[in-house]
**Student:** 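My questions all concern the structure below.
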Amino acid sequence: MRSAARTHFEHGESEYQPIEGQIVWIDRHTDDDKLFVIDLPDGVSLDHDPGQFVQLFVPGVGEAPFSIASSPTKEGPFELCIRAVGNVTNAIHDLEAGDVVGIRGPYGQGFDIDAIAGQDLLFIAGGIGLAPLRSVINYALDRPAEFGDLTTLYGCTEPAEQLFPGELDEWADSDVMDYRETVDEVPDSQEWDGDTGVITSLIPPLEFDPETTVALVCGPPVMYRFVIKALREKGLADDRIYLSLERNMHCGRGLCGHCQLNELYVCLDGPVFHYPTVRDKEEAEV
Amino acid sequence: MSDASAPSVSDGRRPRVAFFDFTGCEGDQLQVINLEDRLLDLVEVVEVVSFREAMTEHGDDYEIAFVEGGVATAHDERRLTRIRENADIVVALGSCAAFAGINALRNDQEFETVKERVYGEDSDSITSYPIARPIDDVIEVDYEIPGCPIDREEFVGAVTALVNGAEPSIPNYPVCVECKFEENTCAFERGETCLGPITRGGCSATCVSAGTHCWGCRGMVDDPNEGAYTDVLEDHGLTTEEIIEEYQLYWNWQRDSRAVADGGNR
Amino acid sequence: MSHTVDVEGDLVTRVEGHGSIVVNVAEGDVETCEWHVVESPRYFESMLVGRSFREAHHVTSRICAICSVSHTIASLQATEAAMGVAVSEQDRRLRKLALYGETLQSHVLHLGYLALPDLVGEKSVLPLADTHPDELETVIDLHRLGNELTEVVTGRSVHAQRLLAGGFSQLPEESKLEELLDRLLNSWDAVAELADLLAVLADELPDFERETEYISLTHPEEYAFAEGSIYSSDVGEIPVSDYRDVANEYVVDHSTAKFARHERDSYMVGALARFNNNAEQLAPRATEIADRFGLAAPVHNPYLNNVAQLVEVAHLLAESVRLIEALLADGLAPQSDYRVPEIDPTAGSGIGAIEVPRGVLFHEYDYDEAGKVTAANCVIPTNQNHGNIQRDMETLVPTIVDRDAEEIEHTLEMLVRAYDPCISCSTHYLDVEFVGEER
Amino acid sequence: MKVIDRSDLDALIEELIASDPRDVVGVQEDGEQYVFDHLESADELTLDYDLTALSPKKYVMPQRETLLTYDRTDDEYEMRAEADPTGHIVVGVHPYDLAAIEHLDKIFIDTLQDEPYRRKRENSVLIGVTMQDVADNCFAASMGTATVDSGYDLMVTDLGDTFAVDIGTFEGDRLLESTKTRNATAEEIERVAEIEADLKDGFDRELAFPPAELPTLLEASYDDMDFWEDYAEQCLSCGTCNVVCPTCFCFSVDMVRDLDGDSGRQERRWDGCLLEDFATVAQGENFREEVAQRHRHRFMRKGWYIYERYGDVACVGCGRCTRHCVADVADPCEVYNELREAQHA
Ligand SMILES: Cc1cc2nc3c(=O)[nH]c(=O)nc-3n(C[C@H](O)[C@H](O)[C@H](O)COP(=O)(O)OP(=O)(O)OC[C@H]3O[C@@H](n4cnc5c(N)ncnc54)[C@H](O)[C@@H]3O)c2cc1C
Ligand code: SF4
Ligand code: SF4
Ligand code: SF4
């Protein structure tokens with residue numbers, strides 16, 4: 001096995017050289033989502049910013065981008081929460097603890113910690129969008145002194161779709177963070193005694209100070225416009241909103257062109273964007 | 001074509017595969033045999049349990065069924081249904097299986113006339129379906145490998161994908177892309193016409209590279225701009241009738257399906 | 001000894017297309033003995049109607065993949081005859097080369113992949129990778145050589161592209177022809193090995209004779225493949241224009257396929273027919289092999305069609321060498337890489353007649369003045385052989401009724417396979433009937 | 001500036017073919033078009049061509065190339081980034097193609113360190129040639145790329161019996177070491193300048209305004225959906241305009257597996273933003289679903305987006321896209337001029 005340091009590559013220092021990540025633990029969250037805990041050689045840390053992503057390569061199947069779901073405050077293995085939607089993601093779901101994958105990264109711009117330091121943080125996650133947000137949520141939970149009030153809103157289509165079920169319970173019990181959740185609907189076969197309704201329904205009842213609050217948002221493409229509208233109605237200024245976006249991505253490093261959104265490259269300029277940067281970009285669809 | 005829930009084989013065991021032929025020229029199976037010594041490598045990674053063109057043994061226990069040829073009779077339909085029941089993954093092999101291919105050339109001819117032309121006075125005893133159909137008109141198909149015949153590399157790629165628990169990827173870009181890769185002189189520049197701009201790629205534009213033009217054998221891309229393309233052909237001097245003839249050669253079924261999707265009748 | 005046998009018509013494997021054998025023997029009496037063809041109709045002759053002379057060959061190529069080049073060439077000949085188009089000597093040679101490549105490929109496929117397993121007691125070619133690795137390698141090498149011959153000349157071995165009415169869209173590179181020549185010249189050992197393999201096992205071939213009419217093409221200057229007139233072992237030379245009198249198709253009650261007859265109830269086409277009619281024109285290398293197997297025309301054992309194919313393999317190799325040498329010696333006349341031979345369509349009809357792996361093939365088209373097909377007729381070798389297979393079975397079965405069903409079935413399957421039937425080719429058959437297990 | 005006899009230039013090329021380990025490639029006739037291809041001898045070289053089918057970009061960023069290989073032995077995987085270092089000696093590159101490669105260098109070497117590109121590029125030699133014929137669709141003069149003063153190792157200009165040679169790099173200088181050359185006279189230098197100046201008149205096509213105004217023009221035209229839809233109505237979405245462009249560099253990464261199941265490679269392949277699935281993500285969401293959006297994106301990228309990032313207009317005016325578009329809707333010169341007119345109307 002190759003030595004671990006990310007800065008050392010055997011082959012011409014190529015940026016395309018993955019390092020070996022070993023899956024050390026897998027936790028099933030829903031029918032379609034699993035959490036993968038991945039260890040890098042010699043136990044080094046990924047050393048990422050919350051909100052950044054890695055390119056994960058499954059030998060024989062292909063490569064895909066995934067947001068890092070764990071916080072850099074946690075040393076050692078990092079975590080990815082992956083939804084099985086296609087080729088690579090299905091294959092990852094078939095892997096077992098002990099299997100090796102290739103890791104490139106971390107890539108992209110994460111959440112601007114300097115900019116949000118000292119602010120009240122409002123996390124708004126829809127579905128699999130919780131994965132990237134969890135890195136910064138846990139960052140804030142680990143360093144509560146660096147931030148003001150913490151609030152998390154989480155919406156899913158149905159109860160069985162909730163990610164990180166155990167952790168959600170902890171958040172709900174936490175006195176450090178105000179955690180609220182909703183589901184779009186409750187099928188007869190499932191139990192639920194919380195709120196129902198789309199995620200935007202959680203915003204109007206919230207009490208927060210628009211002058212000191214920063215919203216960090218991630219979810220399916222359709223969600224952004226409605227959430228932003230609701231936030232604006234609460235008086236939150238546009239420059240207090242951060243979004244994590246997702247696009248097709250092949251190289252992860254600004255060349256392949258697939259993730260381009262007008263002149264921006266999601267892999268270089270994002271995936272986390274300051275809302276004013278993308279507000280007027282038609283292709284951002286926000 | 002492929003969706004997230006499409007099944008795959010990935011539990012590490014050598015998957016069992018079977019080949020079946022329906023109405024067609026058996027060119028796709030021949031392409032498999034034409035892998036020559038790579039066929040021996042292939043049987044290292046899969047276990048062939050049925051391949052009538054090349055072997056006597058036959059088993060009904062298989063995960064992947066490769067089906068060549070289209071559906072012409074009720075008997076074909078029954079046989080296919082059984083294959084679907086036995087297989088986890090059904091792959092349409094070649095254009096006849098995938099979208100009726102050249103077989104559908106007769107679909108807009110009057111069936112009585114068709115029979116008459118071929119069998120004369122004996123035509124009454126012919127019991128085939130009045131039109132040629134692809135297999136997905138009868139059973140659910142997981143993947144399609146188009147081509148008349150299939151491209152050997154693409155076939156090997158699809159098999160190795162399935163064996164690795166991945167999905168075969170069949171391009172949705174047109175033949176033009178690979179034709180430009182090859183630096184062929186464009187048929188239009190030579191005063192000919194070509195169906196490459198809206199035909200599904202993946203064949204390395206082999207016909208253009210061999211000095212002719214694309215006949216459309218891999219079927220249309222998912223969302224062809226047929227209207228604009230018809231204009232292009234008109235600009236290059238083709239009459240409406242000639243354009244329809246070009247489209248008929250391989251695309252009769254697909255064009256009918258698109259028309260049906262737009263509210264028409266087959 | 002009274003004996004009951006039921007051979008219930010499973011599809012014969014290791015043949016092109018779908019056919020089955022049905023034999024019932026009750027108390028030692030043969031009750032049924034039938035060769036069924038169960039291919040689904042494709043209606044090529046109707047598909048052709050209305051198509052342009054520029055693509056008739058493209059359509060008919062799809063009649064059958066194994067002999068796609070053959071169908072293409074027969075089709076082009078018919079079109080050229082109808083429009084009065086002449087083809088250059090160079091293009092005629094190249095076409096021949098493509099045809100030889102395909103026939104080589106087809107014969108090796110048949111001998112090595114389909115028949116050989118019978119002879120070594122395997123059910124397919126695949127186990128040979130373990131039991132006979134060297135022999136299999138030889139077979140694969142020869143098979144590949146046939147394909148490459150076609151590929152170098154026509155750009156693709158299945159559904160060739162460069163063959164057009166009036167000539168070639170593109171010529172092969174001379175350097176590729178030189179490489180091929182090398183390969184061909186180095187292949188004699190492989191042919192010898194194949195011969196050894198079949199020789200050791202040749203006595204496994206059933207000893208069965210039934211004289212019939214043998215029909216092929218014949219040509220004054222060469223062992224006829226690409227051109228010639230029709231020849232019948234019963235009546236001698238017949239002009240191609242009379243092909244319909246030769247291939248008289250008729251319906252028989254008990255069978256699903258149309259049969260063909262000429263002078264007798266049935267006749268045989270294919271390698272053995274060609275051998276019987278033209279043996280003295282074989283290349284010396286081929287004659288050597290014939291001698292070694294004691295094959296001397298006329299041969300009346302249909303099982304020996306396999307041996308005739310082997311003889312032809314040698315002949316095709318030798319002829320390909322000769323052709324490539326001639327082409328290289330003359331040098332290829334340069335042409336565009338995208339040539340479209342000029343043809344002014346005229347109304348008329350034309351016939352193409354060539355020898356293809358399984359026998360003589362006829363295509364006939366009528367064209368209108370716009371160059372569109374108005375009527376087409378394709379007579380395929382396998383169709384011509386169905387009747388003969390049936391008659392052979394009728395003669396053979398009574399002589400082997402006392403054997404067990406499995407052996408009878410095996411012997412009959414070998415008979416069918418000896419004809420190398422290409423049923424997917426068959427453009428004419430009637431109703432489709434199924435018995436036994438289908439797959 | 002040096003001067004070399006025609007026969008000595010041929011001899012130099014023959015010498016390179018004979019002794020340089022790298023493949024010598026140059027412009028050749030190929031039926032009715034020109035292509036860059038392997039040279040067997042200097043005779044095959046055609047320097048008075050108008051436009052080649054593909055640009056020499058294919059030598060530094062080939063249509064398909066391996067980025068990564070993997071191998072499984074027992075339970076271990078080895079994953080290895082690959083970067084094919086094969087360089088070429090490329091003879092007869094027109095200035096606009098040199099400009100295109102210089103532009104790519106900026107992105108692939110200076111900014112984003114793409115190893116496969118860098119290796120091939122650094123091992124390659126570019127011998128440029130002053131244009132002697134102008135393709136109908138070419139508008140390089142308007143884009144300032146009909147002549148260049150950098151981006152080549154050597155640049156030759158046909159003076160009849162001799163060639164003027166401008167040495168661009170140390171490597172270029174070394175190539176000439178063993179060849180007979182002399183210093184150009186003042187007259188010869190003047191001739192080259194004249195030829196370059198006269199070139200401007202050879203162009204039928206012209207951008208009606210300075211390319212520096214493109215970014216502003218395009219920004220202002222972004223929302224003119226009527227224009228884009230009208231234009232894209234005839235677009236076949238075939239991607240040809242992307243694939244033939246010397247400055248397009250988008251790619252896809254495909255998995256290619258060996259039959260043994262234990263090894264294989266990731267291959268990058270040229271891709272194009274005009275193709276339907278280019279911006280589609282799993283489960284079908286397509287961020288540029290309409291042809292008009294894709295069509296617009298290409299023109300925006302050429303004239304504005306890339307400029308925002310790298311300070312270059314990413315169209316060198318070669319005219320390949322125009323020539324190869326069968327629907328005749330890919331011409332940047334026409335589109336930009338029409339946008340400009342619409343804006344000033
Ligand atoms: C910055 C970023 C972070 C992401 N984080 C997560 C995460 O934490 N958890 C998670 O489950 N998913 C995440 N995704 C989405 C994930 O990358 C896709 O689900 C995955 O690429 C789908 O690949 P597939 O092969 O399984 O799907 P298929 O449907 O088989 O392939 C989809 C096709 O689209 C291409 N493609 C490229 N990029 C994407 C993309 N982003 N989304 C969809 N298709 C893409 C693929 O190469 C392929 O051609 C993230 C995406 C981005 C861009
Ligand atoms: S070029 Fe066209 S006709 Fe030829 S193989 Fe490709 S898709 Fe088929
Ligand atoms: S602009 Fe022309 S070349 Fe480009 S995709 Fe459209 S039709 Fe094809
Ligand atoms: S956009 Fe067209 S004209 Fe401009 S550089 Fe690309 S191919 Fe050439």
Side-chain angles (χ1 to χ4, degrees), chain A residues 1-2 9-20 55 57-64 83-89 98-104 220-222 245-266 268-269 280-285, chain D residues 67-68 70-72 75-83 85 107-108 111-119 222-223 242 248-255 257-258 261-264 266 268 271-273 277-283 285-288 293 296-297 300-301 304-309:
Chain A
M1 255 185 217
R2 228 181 326 281
F9 298 125
E10 254 176 51
H11 288 270
E13 314 259 310
S14 173
E15 271 288 345
Y16 298 104
Q17 177 65 51
I19 56 173
E20 287 177 9
Q55 286 279 359
F57 174 66
V58 184
V61 182
E63 207 178 26
R83 173 161 298 177
V85 295
N87 212 1
V88 176
T89 47
D99 286 341
V100 167
V101 293
I103 300 289
R104 289 196 289 129
V222 291
L245 300 181
E246 188 194 308
R247 287 295 181 278
N248 187 323
M249 220 173 255
H250 283 236
C251 72
R253 42 190 307 272
L255 287 170
C256 77
H258 288 274
C259 73
Q260 222 181 329
L261 161 178
N262 296 97
E263 79 275 20
L264 301 171
Y265 280 79
V266 172
L268 294 180
D269 307 316
D280 302 321
K281 307 288 176 217
E282 184 183 302
E283 293 180 355
E285 299 190 9
Chain D
L67 288 186
L68 180 83
Y70 69 91
D71 246 305
R72 177 165 51 195
D75 266 347
E76 296 231 332
Y77 270 111
E78 197 189 354
M79 294 169 268
R80 232 173 332 135
E82 302 286 344
I107 299 167
F108 277 70
T111 315
L112 292 168
Q113 291 94 26
D114 183 87
E115 202 50 22
Y117 180 98
R118 183 184 69 82
R119 289 239 191 152
Y222 186 87
D223 290 321
N242 295 129
C248 272
F249 58 83
C250 291
F251 58 84
S252 276
V253 179
D254 302 328
M255 187 84 231
R257 305 161 189 90
D258 294 343
D262 288 332
S263 54
Q266 293 248 88
R268 84 163 148 211
D271 205 344
C273 58
D277 299 338
F278 189 76
T280 306
V281 296
Q283 297 175 310
E285 170 99 21
N286 187 346
F287 288 95
R288 244 174 260 119
Q293 295 173 320
R296 175 180 66 182
H297 178 76
M300 291 291 155
R301 194 176 141 108
W304 173 26
Y305 298 163
I306 296 281
Y307 180 85
E308 288 278 304
R309 250 193 142 73

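Naming: A, B, ... by sequence-line order, numbering from 1 per chain.
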**Student:** Do Leu112(D) and Glu15(A) have side chains that approach each other closer than 4.5 Å (heavy atoms only, starting at C-beta)?
**Tutor:** no
**Student:** Relative to chain D, which of Glu285(A), Gln260(A), Glu63(A) shows the most heavy atom pairs under 4.5 Å?
**Tutor:** Gln260(A)
**Student:** Hey, which of Gln113(D), Glu308(D), Met300(D) has the most heavy atom pairs under 4.5 Å with chain A?
**Tutor:** Gln113(D)
**Student:** Supply the atom-to-atom distance Phe249(D) CZ to Leu255(A) CG, rounded to the nearest 0.5 angstrom.
**Tutor:** 6.0 Å
**Student:** Is Pro116(D) close to chain A through its backbone or its side chain, or both, or neither, when contacts mean heavy atoms under 4.5 Å?
**Tutor:** side chain
**Student:** State the CE-CD distance between Met79(D) and Gln17(A), to the nearest 0.5 angstrom.
**Tutor:** 8.0 Å
**Student:** Quick check on Tyr70(D): does its OH atom have over 12 non-hydrogen neighbours (other residues, nucleotides or ligands) under 6.0 Å away?
**Tutor:** yes
**Student:** With sequence neighbours excluded, what pairs up with Asn262(A) under the side-chain contact (heavy atoms from CB on, under 4.5 Å) test?
**Tutor:** Lys281(A), Glu283(A), Tyr222(D), Tyr305(D)
**Student:** If you look at every heavy atom in Phe278(D) and Cys256(A), which pair is closest and at what distance?
**Tutor:** CZ-O, 3.8 Å
**Student:** Once rounded to the nearest 0.5 Å, what's the spacing between atom OG of Ser14(A) and atom CZ of Arg118(D)?
**Tutor:** 9.5 Å
**Student:** Indicate the atoms forming the closest heavy-atom contact of Gln266(D) with Gly62(A), along with that distance.
**Tutor:** OE1-CA, 4.0 Å
**Student:** Among the options Gly102(A), Gly254(A), Pro221(A), Cys251(A), pick out the one with the most heavy-atom pairs lying under 4.5 Å from chain D.
**Tutor:** Pro221(A)
**Student:** Can you find a pair of side-chain heavy atoms, one from Met255(D) and one from Phe57(A), that are under 4.5 Å apart?
**Tutor:** yes
**Student:** Non-hydrogen atoms of chain A under 4.5 Å away: do they reach the side chain of Leu68(D), the backbone, both or neither?
**Tutor:** side chain
**Student:** Which region of Pro59(A), side chain (C-beta onward) or backbone (N, CA, C, O), has a non-hydrogen atom less than 4.5 Å from a non-hydrogen atom of chain D, or is it both or neither?
**Tutor:** both
**Student:** Using non-hydrogen atoms only, which part of Asp223(D) is less than 4.5 Å away from chain A: side chain, backbone, both, or neither?
**Tutor:** side chain
**Student:** Report which part of Arg268(D) has an atom under 4.5 Å of a heavy atom belonging to chain A: side chain, backbone, both, or neither.
**Tutor:** side chain
**Student:** Out of curiosity, Arg288(D) CZ to Leu261(A) CG, how far, rounded to the nearest 0.5 Å?
**Tutor:** 8.0 Å
**Student:** Using the test ring-ring contact (aromatic ring centres under 6.0 Å, His included), find all partners of His250(A) that sit at least two apart in sequence or belong to another chain.
**Tutor:** His258(A)
**Student:** Between Tyr77(D) and Val101(A), is any pair of side-chain heavy atoms under 4.5 Å apart?
**Tutor:** no
**Student:** Closest heavy-atom contact between Val281(D) and Asn248(A)?
**Tutor:** CG1-N, 3.1 Å
